[in-house]
Engineer: 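Sharing a structure with you now.
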Amino acid sequence: MFGEAKLPVLNFLSKTWVLITLFIAMLAIGYSFSLVMPAVGGVLLDTLFTSEEVLARLGEMSAGQKRVHLLATIVIDTAYPLAYGGLMLGLTWRFAGLLRNWFIIAPLAVMFVDFAENLVQALALVDNTALLSLKDFLTPAKFGLFAVAVVLVLVSFLIAALRKLRGTG
């Protein structure tokens with residue numbers, strides 16, 4: 001499906017130093033969400049699965065809390081899928097062998113779904129709730145695709161270990 005020359009970014013993402021950098025970035029960005037939560041008065045919209053829950057949460061937030069949440073959504077929650085998605089792409093590309101062309105689909109999909117969810121939430125934070133019903137699909141899809149991508153990373157490690165044991169990798 002994809003050749004090495006067609007997607008050199010995947011070769012870049014699979015380098016050891018890039019994987020380590022992405023792992024550290026993922027941890028740091030993930031931790032930063034816990035620092036934002038008090039400033040927005042509690043739960044972040046990313047963890048809510050339905051538009052009804054989001055509407056209720058928006059009703060609890062002050063204008064200042066919404067501005068902080070919007071900034072966090074635009075900056076932190078845009079960087080986060082790049083970090084975890086890049087990490088999962090690099091790991092599957094490096095370790096999944098012949099299946100890597102297929103295994104990269106889940107990390108790519110979760111990144112795009114996460115970006116779409118962020119857009120819906122950013123609009124809702126500025127009082128444009130026209131697309132908020134998409135949240136009912138996007139958030140469960142994001143968490144489901146993330147779980148699939150993690151499983152595929154683990155399977156990639158298993159594939160690499162088996163290749164190593166056989167002496168073919």
Side-chain angles (χ1 to χ4, degrees), residues 1-38 40 43-50 53-54 69-122 131 134-169:
M1 182 173 15
F2 302 115
E4 306 246 343
K6 292 181 185 173
L7 295 173
V9 70
L10 292 172
N11 292 329
F12 174 75
L13 290 175
S14 66
K15 293 178 183 232
T16 302
W17 73 269
V18 175
L19 292 170
I20 292 168
T21 302
L22 289 169
F23 180 72
I24 292 168
M26 181 189 72
L27 293 177
I29 296 166
Y31 177 73
S32 72
F33 287 114
S34 69
L35 302 175
V36 171
M37 289 173 61
V40 300
V43 175
L44 297 172
L45 300 183
D46 287 79
T47 62
L48 303 175
F49 279 74
T50 67
E53 291 174 309
V54 172
H69 199 311
L70 178 62
L71 182 61
T73 298
I74 291 170
V75 176
I76 299 170
D77 205 15
T78 297
Y80 196 51
L82 293 173
Y84 75 69
L87 178 64
M88 290 191 287
L89 284 168
L91 290 170
T92 54
W93 192 253
R94 181 168 177 170
F95 295 110
L98 296 175
L99 295 174
R100 69 187 189 170
N101 289 331
W102 296 104
F103 280 24
I104 64 169
I105 294 170
L108 285 170
V110 71
M111 290 170 66
F112 283 110
V113 170
D114 202 345
F115 292 141
E117 179 197 42
N118 291 346
L119 175 61
V120 168
Q121 290 171 174
L131 298 176
L134 293 174
K135 180 93 168 123
D136 300 340
F137 165 76
L138 291 172
T139 302
K142 174 186 75 175
F143 284 109
L145 286 167
F146 186 88
V148 169
V150 168
V151 168
L152 292 175
V153 167
L154 296 173
V155 171
S156 298
F157 290 154
L158 182 61
I159 290 169
L162 291 172
R163 274 197 327 265
K164 191 80 160 169
L165 287 172
R166 289 182 184 164
T168 59

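Nothing here was measured: the structure is a model prediction, and the numbers come from that model.
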Engineer: At their closest point, which heavy atom of L82 faces which heavy atom of L22, and how far apart are they?
Structural biologist: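 Closest pair (atom of L82, atom of L22, distance): O-CD2, 4.2 Å.
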
Engineer: CG of L134 to CD of Q121: how many Å apart, nearest 0.5 Å?
Structural biologist: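 Nearest 0.5 Å value for the CG-CD distance: 11.5 Å.
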
Engineer: Should L89 and Y84 count as side-chain neighbours, where that means a heavy-atom distance under 4.5 Å?
Structural biologist: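 When only atoms from C-beta onward are counted, Y84 and L89 do not touch, as no gap falls below 4.5 Å.
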
Engineer: Identify the two heavy atoms, one from R100 and one from T92, that lie closest to each other, and give their separation to 0.1 Å.
Structural biologist: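 Where R100 meets T92 most closely, the heavy atoms are CB-O, 3.5 Å.
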
Engineer: Return yes when atom CG of L165 has more than 12 non-hydrogen atoms of other residues, nucleotides or ligands closer than 6.0 Å, and no otherwise.
Structural biologist: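 Result for CG/L165: enclosed.
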
Engineer: Would Y80 and D114 satisfy side chain to side chain donor-acceptor pair (under 3.5 Å), going step by step from the backbone distance to the final call?
Structural biologist: CA-CA 9 Å; Y80 196 51; D114 202 345; over 6 Å; no

Engineer: Could you tell me the separation between the CE atom of M111 and the NZ atom of K142, rounded to the nearest 0.5 Å?
Structural biologist: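 Atom-to-atom, M111:CE and K142:NZ are 13.5 Å apart.
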
Engineer: So how far is it from I159 CD1 to L99 CG, rounded to the nearest 0.5 Å?
Structural biologist: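 Going from the CD1 atom of I159 to the CG atom of L99 covers 4.5 Å.
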
Engineer: For the CG atom of L119 and the CD1 atom of I74, what is their distance to the nearest 0.5 Å?
Structural biologist: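 One gets 10.0 Å once the value is rounded to the nearest 0.5 Å.
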
Engineer: With a 3.5 Å distance limit and no angle check, can you tell me whether D77 reaches the backbone of N118 through a side-chain donor-acceptor pair?
Structural biologist: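 A pair under 3.5 Å: no.
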
Engineer: So, the side chain of K135 versus the backbone of E53: is there a donor-acceptor pair under 3.5 Å, distance only?
Structural biologist: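 Side chain of K135 to backbone of E53: no pair is present.
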
Engineer: Got a second to check how far I24's CD1 is from I29's CD1, nearest 0.5 Å?
Structural biologist: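 Rounded to the nearest 0.5 Å, the CD1-CD1 separation comes to 11.5 Å.
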
Engineer: Above 12 or not: heavy atoms from other molecules or residues under 6.0 Å from CZ of F143?
Structural biologist: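 Atom CZ in F143 is packed in, count exceeds 12.
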
Engineer: If you look at every heavy atom in T139 and D46, which pair is closest and at what distance?
Structural biologist: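 Minimum heavy-atom separation between T139 and D46: CG2-O, 3.7 Å.
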
Engineer: Is it the case that atom CZ in F23 sees more than 12 heavy atoms from other parts of the structure closer than 6.0 Å?
Structural biologist: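 Counting neighbours around CZ of F23, 12 or fewer heavy atoms of other residues, nucleotides or ligands fall under 6.0 Å, so no.
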
Engineer: Of the options L108, V110, L152, L13, which is the one that meets M88 in a side-chain contact (heavy atoms from CB on, under 4.5 Å)?
Structural biologist: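 Of the listed residues L108, V110, L152, L13, the side-chain contact (heavy atoms from CB on, under 4.5 Å) partner of M88 is V110.
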
Engineer: Give the minimum heavy-atom separation between V153 and L91, together with the two atoms involved.
Structural biologist: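 Nearest heavy atoms, V153 then L91: CG1-CD1, 3.8 Å.
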
Engineer: Taking all non-hydrogen atoms of both residues into account, name the closest pair between F12 and V18 and its distance.
Structural biologist: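 Shortest heavy-atom separation between F12 and V18 comes out as O-CG2, 3.4 Å.
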
Engineer: T78 side chain to V75 main-chain N or O, any donor-acceptor pair under 3.5 Å?
Structural biologist: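 Looks like no, no N/O pair under 3.5 Å.
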
Engineer: Closest heavy-atom contact between M37 and L44?
Structural biologist: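 Nearest pair, atom of M37 first, then L44: CG-CG, 3.8 Å.
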
Engineer: Between R94 and T16, is the side chain to side chain donor-acceptor pair (under 3.5 Å) condition met? List the steps.
Structural biologist: CA-CA 10 Å; R94 181 168 177 170; T16 302; 2.8 Å; yes

Engineer: Test side chain to side chain contact (heavy atoms under 4.5 Å, CB included) on L138 and V120; report intermediate values, then the result.
Structural biologist: CA-CA 9 Å; L138 291 172; V120 168; 3.9 Å; yes

Engineer: With a 4.5 Å limit on heavy-atom distance, are the side chains of L45 and T73 in contact?
Structural biologist: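 Not in contact.
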
Engineer: Within this structure, what is the CD-CG distance for the pair E117 and L131, rounded to the nearest 0.5 Å?
Structural biologist: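 It comes to 13.0 Å.
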
